[in-house]
Number of protein chains: 2
Amino acid sequence: MKNRHRSVKVLRRGDLARLTGCNLETIRYYENIGVMPEPPRSSKNYRVYDDRHVARLCFIMRARELGFTLDEVRDLLALVDGGAQTCGEVQGLANSHLASVRAKIDDLKRIERVLSSTVAQCTGDDVPECPVIDALTEVT
Amino acid sequence: MKNRHRSVKVLRRGDLARLTGCNLETIRYYENIGVMPEPPRSSKNYRVYDDRHVARLCFIMRARELGFTLDEVRDLLALVDGGAQTCGEVQGLANSHLASVRAKIDDLKRIERVLSSTVAQCTGDDVPECPVIDALTEVT
DNA sequence: CTTGAGCCTGTACCTGCTACAGACCCTAGA
DNA sequence: TCTAGGGTCTGTAGCAGGTACAGGCTCAAG
């Protein structure tokens, strides 16, 4: 009730940041690179947001959490914005992203194997001989 | 035998790149950021490398392959260069790197689980309803 | 009336490279 | 001897995906 006597409370950039947990500057960055739309401005040139901006930013952040690149996010948004996106199209994007996630996991697992088996040979003593250094030095 | 009549064949930047498989420009970059030493120069100001540069660059590349950051590489090199590095010190660095590798794997596995279980619900049809979009849109 | 908070803009910084422009230098072939 | 082509040198800009700051407005509370 406390805002009844003046224009309805609008969301400014800081509000959007707080509501979504997004960094303040990142919001402007997303606008610059075109994944967030340019919002209307108040008379004092302040950005004015509404519920749909909140929803879109949440969408973007959720997609980023799932490891989609900003390019992929743009593709997803284009499909959604087109209104005529199909489950098949979205599934295609998600599947190719899934493949790259799995490739990264495999890479890291390989690294983990090499690293842990090497470290396991360490004595951990105050001696200069170290299997890790040997592994790095070897011209395998 | 073919170089006997002039000064011993020296390695230039391109040779070092070919021998190690490192990108030409990356060598200069590593020098700029201080992980490769500044090599001596020829009379015409060309960088002149030798075996030890080859060995050091291989060391760096191998560490990078194992996912060490350049900062971590710098630490490893400092220990090695110090001459008095101990197995315990190196093991410490390797172990903390290993922990971050494992953390990344866990992150990606979580992403993989969410993504694959969501995609599995897709019909893949030409319909606008899509579980992936729903998952991204939901204010969970 | 001042102080602090918020917003605006542009720009620089981060990691780990990669690529390019514009200048030299050197060697082999015609 | 000239020239074409490669190599090298320097500095700088670009990529992703942000983050952070300076310098200037505006606004509300005390």
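Letters go in sequence order (proteins before strands), and every chain restarts at 1.
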d([atom1], [X]; [atom2], [N]) in whole Å:
X: B:L66; N: C:dG16; atom1: CG; atom2: P; value: 15 Å
X: B:E31; N: D:dC9; atom1: CD; atom2: P; value: 9 Å
X: A:L24; N: D:dA22; atom1: CG; atom2: C1'; value: 15 Å
X: A:I33; N: D:dT19; atom1: CD1; atom2: P; value: 12 Å
X: B:R18; N: D:dG6; atom1: CZ; atom2: P; value: 13 Å
X: B:Y30; N: C:dC17; atom1: OH; atom2: P; value: 4 Å
X: B:R13; N: C:dC26; atom1: CZ; atom2: C1'; value: 17 Å
X: B:F68; N: C:dG16; atom1: CZ; atom2: P; value: 13 Å

Is it true that B:E31 and B:R28 make a salt bridge, defined as a side-chain N closer than 4.0 Å to a carboxylate O?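 Judged by the 4.0 Å cut-off on N to carboxylate O distance, B:E31 and B:R28 do not form a salt bridge.
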To the side chain of [X], which of [options] is closest?
X: A:R64; options: C:dC20, C:dC17, D:dG17; result: D:dG17
X: B:Y29; options: D:dT10, D:dG17, C:dG16; result: C:dG16
X: B:T26; options: C:dT18, D:dT19, C:dC7; result: C:dT18
X: B:Y46; options: D:dG7, C:dG6, D:dG17; result: D:dG7
X: A:N23; options: D:dT19, C:dC8, D:dT12; result: D:dT19

According to the side-chain hydrogen bond (donor to acceptor under 3.5 Å, both in side chains) rule, which pairs have a member within residues 98-109 of chain B, sequence neighbours left out?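 Qualifying pairs, neighbours excluded: A:E112-B:R102.
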Below 4.0 angstrom, which residues in residues 37-45 of chain A have at least one non-hydrogen atom near DNA chain D?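 Per residue number, the list reads A:K44.
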Using the test ring-ring contact (aromatic ring centres under 6.0 Å, His included), find all partners of B:F59 that sit at least two apart in sequence or belong to another chain.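 Result, ring-ring contact (aromatic ring centres under 6.0 Å, His included) vs B:F59: none returned.
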Between [X] and [Y] (side chain of the first, backbone of the second, donor and acceptor by atom type, cut-off under 3.5 Å), is there such a pair?
X: B:N95; Y: B:G92; value: no
X: A:R13; Y: A:L24; value: yes
X: A:R64; Y: A:F68; value: yes
X: A:T26; Y: A:Y29; value: no

Please determine if a side-chain N or O atom of A:R12 lies less than 4.0 Å away from the OP1 or OP2 oxygen of C:dG6.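 Checking A:R12 against C:dG6: no side-chain N or O falls below 4.0 Å of OP1 or OP2.
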Return no unless some side-chain N or O of A:R47 is found under 4.0 Å from OP1 or OP2 of C:dT9.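 Checking A:R47 against C:dT9: at least one side-chain N or O falls below 4.0 Å of OP1 or OP2.
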Base of D:dG11 paired with side chain of B:R28 (donor-acceptor, under 3.5 Å):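 Counting by modelled atom types and ignoring angles, a donor-acceptor contact under 3.5 Å is found here.
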Go through the structure and list residues passing side chain to side chain donor-acceptor pair (under 3.5 Å) with A:R110, not counting sequence neighbours.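 Residues passing side chain to side chain donor-acceptor pair (under 3.5 Å) with A:R110: none at all.
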Looking at DNA chain C, which of residues 96-103 of chain A put a heavy atom within less than 4.0 Å of it?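 Nothing qualifies; none.
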Let me spell it out: for each of B:D15 and B:E25, pick the nucleotide of DNA chain D with the closest heavy atom. Which residue's pick is nearer the 5' end?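 Checking each residue's closest nucleotide, the 5'-ward one belongs to B:D15.
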Is the number of heavy atoms from other residues, nucleotides or ligands under 6.0 Å of A:R52 CZ greater than 12?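 Counting other residues, nucleotides and ligands, CZ of A:R52 stays at 12 neighbours or fewer.
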Identify all side-chain donor-acceptor contacts of residues 121-129 of chain A below 3.5 Å with residues at least two apart in sequence or on another chain.
residue	atom	partner	partner atom	Å
A:Q121	NE2	A:S117	O	3.3
A:T123	OG1	A:D125	N	3.1

